[in-house]
Amino acid sequence: MSEMLHPGATIGILGGGQLGRMLSVAASRLGFKCHIFEPGAEPPAGHVAHRVTTAGYDDAVALAEFAASVDVVTYEFENIPTEALDLIEATRAIRPGRRVLAISQDRIHEKSFVNEIGLATAPWAEVSDMASLEAAIAKIGTPAILKTTRLGYDGKGQARIMAPEDAPAALAAMEGATAVLEGFVDFSAEISVIAARGLDGSVACFDPGENVHKSGILHTTTVPARISEAQRTDAILIAARILNALDYVGVMGVELFVTPKGLLVNEIAPRVHNSGHWTQAGCTVDQFEQHIRAVAGWPLGDGSRYADVEMLNLIGDDVAMVPDLAKAPRTQIHLYGKAEAKPGRKMGHVNRVL
Ligand code: AMP
């Protein structure tokens, strides 16, 4: 492993949110320094990182300086303009690479890619205007969900179409953005696989977690997921197939719908993932260390699960529960250092060992 980064090396992270914060903590435990690049002021990752650059993703000078100051670059959120990566890539390795970022930024690219490698998604069709929406409804039927192709997260940019009459309002909700119509999946569960691939091509997947959403935002992830052994194996094989097809390096979150006809890929996230936070209390090497190991060219660590865990997100005013949670046994609290608890804002999470 001649490409192993040595302790003391610096890992550049694009994005300074809670994922960057937890990546920085994991990196520092392995002796690395982190340099955060983030447009917003006071990023949560800044409290625990070695260095922070506050600049826009279109600031070529700042990006060049950032690249020159680090040994490798990774990212903690997928909506980074690919032009920023082009500038960095000229001088520094970016792991995971630019291609997966471009794929995951656009639901149509993402679904096309997933289908091209032989994996199933909900039926879908591209929608740009009323005529294409009507054609899509004729093909897919109702109920269905209309989603903007770009910049949607936590259920934002989505509209349900229960019957064809709902079409005009759903289209208006897209505010002119290109959209994709997805058939409504009658799933028995939502699960995700947090999967890792090393620089040497080795793949290791964490045990699938079962996810429950509230108002479109992840509420809890529980392991073990209530799925059969065959479904567990399928989930892991699907994730591994995606990573190999992309020659991926790092951790990825693969969200799946469990249906009687098999598993459908909902979304891929080329980064550590909220539904993988349980690994902090359930595995020797959690998703954050696993990602740092991969991007640093280290061997992947042992992510086998040794406990049953429930991860609960603390959203907005949920942080008021912290004094009580602090008294609870077998409970690990993670707070992100965000000053203001706005509705829908992820303030922290707790991992309860069951
Ligand atoms: P997304 O932003 O695409 O991950 O969607 C957020 C959540 O909406 C998912 O986790 C599901 O709970 C629900 N959802 C999204 N797409 C579908 C679908 N095609 N059928 C049923 N539920 C969906």
Side-chain angles (χ1 to χ4, degrees), residues 19 77-79 100-101 103-115 119-127 133 136-137 139-164 166-167 170-171 173-175 177-195 208-222 225-227 235 238-239 242 252-278 311-313 315 344-346 349:
L19 301 177
F77 106 124
E78 55 270 39
N79 288 318
V100 67
L101 192 91
I103 288 173
S104 67
Q105 282 177 353
D106 183 304
R107 291 187 192 272
I108 290 175
H109 291 170
E110 185 177 72
K111 289 177 196 304
S112 303
F113 161 74
V114 168
N115 292 157
L119 301 174
T121 55
W124 61 275
E126 186 171 342
V127 169
L133 178 54
I137 292 174
K139 178 178 153 201
I140 290 166
T142 56
I145 304 186
L146 192 63
K147 302 179 179 179
T148 55
T149 55
R150 301 177 77 86
L151 300 175
Y153 66 95
D154 287 346
K156 295 195 176 73
Q158 302 196 5
R160 293 213 175 177
I161 300 182
M162 301 312 289
D166 300 339
L171 190 65
M174 300 298 108
E175 297 177 346
T178 307
V180 58
L181 187 74
E182 272 183 49
F184 191 82
V185 178
D186 189 14
F187 52 76
S188 58
E190 286 188 79
I191 60 170
S192 52
V193 178
I194 308 302
E210 183 169 341
N211 301 324
V212 174
H213 292 83
K214 245 193 196 173
S215 315
I217 305 178
L218 184 67
H219 177 54
T220 57
T221 301
T222 309
R226 289 166 299 171
I227 51 175
I238 286 170
I242 292 171
M252 173 185 274
V254 179
E255 295 180 40
L256 302 162
F257 294 134
V258 180
T259 81
K261 289 189 196 146
L263 302 177
L264 304 180
V265 178
N266 174 30
E267 249 179 22
I268 62 174
R271 52 171 170 77
V272 286
H273 197 256
N274 194 168
S275 68
H277 292 356
W278 67 267
M311 187 285 309
L312 169 75
N313 266 337
I315 313 274
R345 195 172 197 203
K346 290 178 178 167
H349 67 274

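Counting convention: from 1, in listed order, for ligands and their atoms alike.
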Any donor-acceptor N/O pair, Thr259 side chain to Lys261 backbone, under 3.5 Å: yes
With distance as the sole test, does Gln105 use its side chain to make a donor-acceptor pair with the main-chain N or O of Glu78 at under 3.5 Å? yes
Could you walk me through whether Thr221 and Ser275 pass the side chain to side chain donor-acceptor pair (under 3.5 Å) test, one step at a time? CA-CA 6 Å; Thr221 301; Ser275 68; 4.9 Å; no
Side chain, backbone, both or neither: which applies to Glu110 and ligand 1 if a contact is any heavy-atom pair less than 4.0 Å apart? neither
N/O separation below 3.5 Å, Gly216 to ligand 1: no
So, is Asn266 polar-close to ligand 1, with some N/O to N/O distance under 3.5 Å? yes
Atoms in ligand 1 flagged as close to [X], the criterion being non-hydrogen separation under 4.0 Å:
X      : answer
Arg107 : 2 (O), 3 (O)
Phe187 : 21 (C), 22 (N)
Glu255 : 4 (O)
Phe184 : 20 (N), 21 (C), 22 (N)

Looking only at side chains, do Asn115 and Thr121 share a donor and an acceptor under 3.5 Å apart? yes
Ignoring hydrogens, what is the shortest heavy-atom contact between Thr148 and Ala177? Give both atom names and the distance. CG2-CB, 4.1 Å
The one among Val180, Leu264, Val185 that brings a heavy atom closest to atom 21 (C) of ligand 1: Val185
Given Glu190, Gln158, His213, which has its nearest heavy atom closest to atom 11 (C) of ligand 1? Glu190
Does Gly183 have a heavy atom less than 4.0 Å from any atom of ligand 1? yes
Here's a test for you: under side chain to side chain contact (heavy atoms under 4.5 Å, CB included), which of Ile238, Val265, Leu264, Val254 qualifies with Val114? Val265
Taking the ring of His213 and the ring of His219, is the distance between their centroids below 6.0 Å? no
